[in-house]
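Below is one structure; the comments refer to it alone.
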Amino acid sequence: MTLKLNAKAVSLAKQGKSIYNLTAGQLPFHPPKEFVEHLIDETKFLNSFQYSPVAGKQELRELVLGNFWRKRALEHLDPSIKEQMEVIVSNGAKHSLSNVLAALLNSGDEVITIAPYWLSYPVLIELWGGKSVSVEAERHNGFVPLVDEIEQAITSKTKAIILNSPNNPTGIYYSDKWMKEFATMISKYSDIIVISDEIYYDLSYFDPAPTYFYQFQPELLARTIILDGISKNLACTGLRIGYTIAPSELVAVLNRLQGQSTSGANSLVQNALIYLSDERINEFLEPICQHLRHNSELLRDKMFEYNLGDIFYQTNGAFYFVLDLSKTPYCKERSCKGDCSIQVCDEILDKTGVAIVPLSDFGVSNAARLSLVLPERDIIKAFDLLFSFLTNQLDS
Ligand code: PLP
């Protein structure tokens with residue numbers, strides 16, 4: 001649906017219509033300059049064009065793991081826990097997740113997801129023979145799921161739970177308190193694996209930074225799988241590098257699977273990543289995070305200006321916001337039955353030139369995802385057009 005709407009937005013732009021594209025799932029910036037320079041430098045070496053080790057280049061794997069321990073403040077963890085974790089590099093975090101689910105799931109295994117979820121979760125779970133069981137995070141609770149409700153969804157068939165904080169599409173991350181509560185709950189279920197999708201970890205714009213359940217109970221790492229990559233924090237969705245940090249027995253299985261399917265990930269990109277320090281990534285992201293925070297504040301101001309304050313909630317990470325279409329004057333008057341988000345997003349695009357993503361495939365009805373990455377001038381114009389349309393004030 002996103003691609004379809006994008007294609008329509010592009011075709012309308014070609015016809016000369018002003019289009020404001022709020023569908024983007026990527027940062028519209030060039031990656032850090034030094035990284036691009038290293039990519040160019042590395043083209044001098046033959047091994048940049050040759051097969052990489054299946055699990056990824058050793059220096060990169062060590063760098064990823066070292067950064068992980070440091071950023072999660074787990075450097076001084078008991079070596080017996082640390083030594084059991086390893087990294088495997090794949091072709092993007094989606095590929096990492098697909099391999100993990102392929103390795104873990106037997107037919108009929110259940111995986112709990114939190115709705116709204118990233119649309120690939122249920123599709124990949126089902127592709128690998130599992131059953132996706134979703135627990136709804138309600139808008140009136142700021143899209144934070146209730147730990148009790150997650151616990152109620154656990155059955156004897158539950159194999160794993162997928163958490164995604166900071167979250168696509170809601171643009172929030174869960175608090176320390178929530179993570180502690182989750183750690184306490186999940187520690188009771190020793191057979192359940194937690195897949196923690198942390199691809200937006202570096203993109204948070206209010207203090208304190210995101211934390212995770214295993215920081216409060218590190219022994220949970222023995223059944224935790226962390227997904228990360230360079231698509232979001234380095235603005236490199238097209239270079240296809242993802243990381244899985246997991247217990248070594250699982251990494252060994254992933255290694256076998258990857259070796260017989262896609263082989264090792266892109267050599268050139270891995271070689272260049274080895275030179276990219278964490279400090280440089282932080283420097284690169286600082287203005288971007290400020291920009292996202294500013295846009296989230298513009299969004300708040302605009303929603304209150306158009307009397308839509310009751311459906312505003314404060315985002316703090318990733319770069320999205322979920323707009324509850326059902327509570328807007330336009331949708332109330334349109335009195336649609338069931339889920340009308342696809343039609344409404346299409347009408348919005350036709351009438352205003354603003355492209356947004358209907359969330360039907362993300363597990364919620366009558367809602368849409370707005371991306372907060374556009375420059376200030378464009379995003380203000382987009383909000384004005386969108387909210388005046390939804391509050392029936394657009395001059396036709
Ligand atoms: N996880 C989430 C929550 C995402 O939003 C995305 C991309 O949109 C991914 C994983 C996959 O990222 P990659 O481009 O590394 O495959």
Side-chain angles (χ1 to χ4, degrees), residues 1-3 5-6 21-29 31 35 56 60 64 68 87-102 111-125 127 132 134 137 143 145 160-174 194-204 210 212 225-246 254 258 261-262 264-266 269-270 273 281 292 315-322 356-357 359 361-364 368-373:
M1 187 40 60
T2 317
L3 296 178
L5 271 168
N6 253 315
N21 197 336
L22 302 189
T23 64
Q26 56 192 346
L27 292 171
F29 305 111
F35 173 56
L60 179 61
V64 170
F68 172 74
V87 175
I88 174 166
V89 183
S90 301
N91 299 287
K94 186 187 282 185
H95 182 222
S96 309
L97 174 64
S98 177
N99 280 354
V100 163
L101 294 171
V111 180
I112 297 177
T113 55
I114 313 295
Y117 39 68
W118 180 45
L119 77 177
S120 294
Y121 295 154
V123 178
L124 288 174
I125 292 165
L127 174 69
S132 168
S134 87
F143 287 114
I161 298 177
I162 304 183
L163 294 184
N164 173 219
S165 172
N167 185 272
N168 174 9
T170 63
I172 60 133
Y173 52 91
Y174 309 145
V194 185
I195 302 172
S196 182
D197 181 346
E198 302 178 8
I199 189 121
Y200 294 98
Y201 172 78
D202 286 327
L203 289 154
S204 70
Y212 296 94
I225 298 167
I226 293 118
L227 304 176
D228 202 344
I230 64 166
S231 282
K232 310 296 171 175
N233 64 351
L234 293 184
C236 286
T237 48
L239 295 188
R240 311 311 301 137
I241 294 285
Y243 308 123
T244 306
I245 304 175
L254 295 173
Q258 186 156 291
S261 50
T262 56
N266 187 315
V269 180
Q270 292 192 61
L273 281 170
I281 300 178
L292 294 173
T315 55
N316 52 6
F319 35 77
Y320 311 107
F321 174 81
V322 170
I356 55 178
V357 179
L359 289 184
D361 292 338
F362 288 68
V364 272
R369 188 187 76 180
L370 316 187
S371 172
L372 300 179
V373 300

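Ligands are counted one by one from 1 in listed order, and the atoms in each one are counted from 1 as well.
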Once side chain to side chain donor-acceptor pair (under 3.5 Å) is applied, do any residues pair with Y200, and if so which ones, sequence neighbours excluded? K232, Y320
Any heavy-atom pair between the side chains of V111 and I162 that's under 4.5 Å? yes
Kindly write out the residues that satisfy ring pair (Phe, Tyr, Trp, His ring centres under 6.0 Å) with Y173, not counting sequence neighbours, or none if the list is empty. none
Check salt bridge (Lys or Arg N to Asp or Glu O under 4.0 Å) between D361 and all other residues, then give those that pass, not counting sequence neighbours. none
Mind checking what residues have non-hydrogen atoms under 4.0 angstrom from ligand 1? G92, A93, K94, W118, Y121, N164, N168, D197, I199, Y200, S231, K232, R240
Are any non-hydrogen side-chain atoms of F35 and L273 less than 4.5 angstrom apart? yes
Flag side-chain contact, heavy atom, 4.5 Å: L227 against I199: no
